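Everything numeric in this text was worked out from a predicted model, so none of it was measured.
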Amino acid sequence: MTAIRMPIDQLQETLAHRFKRLELLEQALTHRSAVAGRHPRRGRARTIVARDTESNERLEFVGDRVLGLLVAEWLLEYFPNEPEGGLGPRHAHLVSRTALAGIAETIGLPVALRIATHEEQAGIRQLANVLADALEAVLGALYLDAGLGPARGFVRRYWHDLMTGQIDPPKDPKTALQEWALGKNAILPVYETLSMEGPSHAPRFTVAVTALNQRGEGVAGSKRLAESAAAADLLAKLNRRSVRTPKEKT
């Protein structure tokens, strides 16, 4: 059953902005699956490939850069004495897929997305990657319609708890996983690129990592971020395993 979409007016209230070009917001909420159609041709159905210009992928491209800039700017203000070595992990945490997907859930973005029925049935509406991409697209639309001011206001409202909750710089998942393996006297993690899909301006890397006889996977727009996501996935599994078997010896 297809989800009931959030009214556009409600989302604009959440964004604290009335769009002059409402089509930008509509596009930001359009998953690429929703712009593919089937049209008759000589008595047969013909699949039309989704056009990138009609889906939210180009706006995601813009929003990713806007978010990176606004978070970097804010970090310099909030941590005036932090060296670059600490700012980097903080920034990576704040723009991570996990952080973005959580904020997308907070503002009710899942029910606002326009997704094809077959993808809806496959459950992609709740996937972290889909939600994170859509949030970046919405931010890109907000920037293109109104500039950095409203985009900055949105980021500072909804990233506030993540920013102010940071005490020590978060550790990069790849570093944390390597330290975990070293602490167990195990072989260092091994990363493998499983696939690279999507257009050149918005690729999707799927990476697997293996360590301590466990495996994690991650998907992201760059190999580096996919490796980090895979490491985070494996760390979560190892932590759950550790809680279940606290007396386990290695």
Side-chain angles (χ1 to χ4, degrees), residues 3 5-19 21-35 52 54-75 90-115 119-120 123-163 165 198 201-205 218-222 225-226 228-229 232:
R5 291 189 65 199
M6 171 194 287
I8 288 292
D9 285 349
Q10 184 178 340
L11 184 56
Q12 289 186 98
E13 289 178 8
T14 299
L15 297 173
H17 174 69
R18 283 278 165 187
F19 277 74
R21 292 183 289 165
L22 197 57
E23 67 273 13
L24 284 172
L25 183 56
E26 286 282 6
Q27 184 179 350
L29 300 173
T30 302
H31 186 260
R32 68 176 285 109
S33 66
V35 296
D52 293 342
E54 297 173 350
S55 74
N56 63 10
E57 291 182 348
R58 285 167 58 88
L59 289 175
E60 175 208 339
F61 173 81
V62 174
D64 174 69
R65 275 68 182 173
V66 172
L67 178 62
L69 170 64
L70 293 176
V71 168
E73 169 193 71
W74 194 6
L75 281 167
R90 293 187 190 278
H91 189 281
H93 172 67
L94 292 166
V95 302
S96 69
R97 288 298 186 227
T98 300
L100 268 63
I103 292 168
E105 291 276 6
T106 297
I107 68 173
L109 202 54
V111 297
L113 298 181
R114 182 180 166 217
I115 296 173
E119 295 284 14
E120 176 78 41
I124 74 164
R125 187 178 293 276
Q126 298 297 331
L127 291 181
N129 288 331
V130 171
L131 295 180
D133 290 348
L135 182 62
E136 288 179 336
V138 167
L139 184 60
L142 182 59
Y143 163 73
L144 290 176
D145 194 67
L148 278 177
R152 181 183 291 111
F154 172 66
V155 168
R156 297 205 178 194
R157 282 194 306 278
Y158 286 97
W159 272 258
H160 177 268
D161 289 348
L162 290 175
M163 175 68 77
H201 72 271
R204 287 288 176 276
F205 290 84
V219 180
S222 73
L225 291 177
S228 184

May I ask you to test the [X]-[Y] pair for a side-chain heavy-atom distance under 4.5 Å?
X	Y	answer
Gln12	Leu22	yes
His31	Ile115	yes
Leu109	Leu29	yes
Tyr158	Thr14	yes
Leu100	Leu67	yes
Leu69	Arg65	no
Asp9	Arg18	yes
Glu26	Arg114	no

Tyr143 atom OH, over 12 foreign heavy atoms within 6.0 Å:
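12 or below, so no.
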
From [X] atom [atom1] to [Y] atom [atom2], the distance as rounded to the nearest 0.5 Å:
X	Y	atom1	atom2	value
Ser96	Leu162	OG	CG	8.0 Å
Leu75	His93	CG	NE2	10.5 Å
Ile107	Arg157	CD1	CZ	10.0 Å
Leu94	Trp159	CG	CH2	9.5 Å
Leu15	Ile8	CG	CD1	9.5 Å
Leu131	Thr98	CG	OG1	11.5 Å

Side chain to side chain contact (heavy atoms under 4.5 Å, CB included) with Arg21: which residues, sequence neighbours excluded?
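For Arg21, the residues satisfying side chain to side chain contact (heavy atoms under 4.5 Å, CB included) (neighbours in sequence not counted) are Glu23, Leu24, Leu144, Asp145.
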
Quick one, Thr30 with Glu54, criterion side-chain contact (heavy atoms from CB on, under 4.5 Å). Give me CA distance, side-chain angles, the key distance, then yes/no.
CA-CA 8 Å; Thr30 302; Glu54 297 173 350; over 6 Å; no

I need the minimum non-hydrogen distance between [X] and [Y], along with the two atoms involved.
X	Y	result
Ala112	Leu11	CB-CD2, 4.5 Å
Pro110	Glu105	CG-OE1, 3.7 Å
Pro150	Gly147	CD-O, 3.6 Å
Gly218	Ala229	CA-CB, 3.8 Å

Salt bridge check: are Arg156 and Glu73 linked by an N-O gap of less than 4.0 Å?
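Salt bridge between Arg156 and Glu73, a charged N being under 4.0 Å from a carboxylate O: yes.
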
Is there a donor-acceptor pair closer than 3.5 Å between any side-chain N or O of Ser228 and the backbone N or O of Leu225?
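Side chain of Ser228 to backbone of Leu225, a donor-acceptor pair under 3.5 Å: no, none is there.
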
Is the backbone of Ser55 close enough, under 3.5 Å, to the side chain of Arg32 for a donor and an acceptor to pair up by distance?
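No, the answer is negative, given that no donor and acceptor are paired below the 3.5 Å cut-off.
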
Tell me, with the steps shown, if Phe154 and Leu142 meet side-chain contact (heavy atoms from CB on, under 4.5 Å).
CA-CA 9 Å; Phe154 172 66; Leu142 182 59; 3.8 Å; yes

Please list all pairs meeting salt bridge (charged side-chain N to carboxylate O under 4.0 Å, His left out) that have one or both residues in residues 126-144, counting only residues at least two apart or in different chains.
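Salt bridge (charged side-chain N to carboxylate O under 4.0 Å, His left out) check on residues 126-144 returns Arg97-Asp133, Arg97-Glu136, Asp133-Arg204.
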
Suppose we screen for ring-ring contact (aromatic ring centres under 6.0 Å, His included). Which residues come up paired with His17, at least two apart in sequence or across chains?
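For His17 the ring-ring contact (aromatic ring centres under 6.0 Å, His included) partners, ignoring immediate neighbours, are Phe19.
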
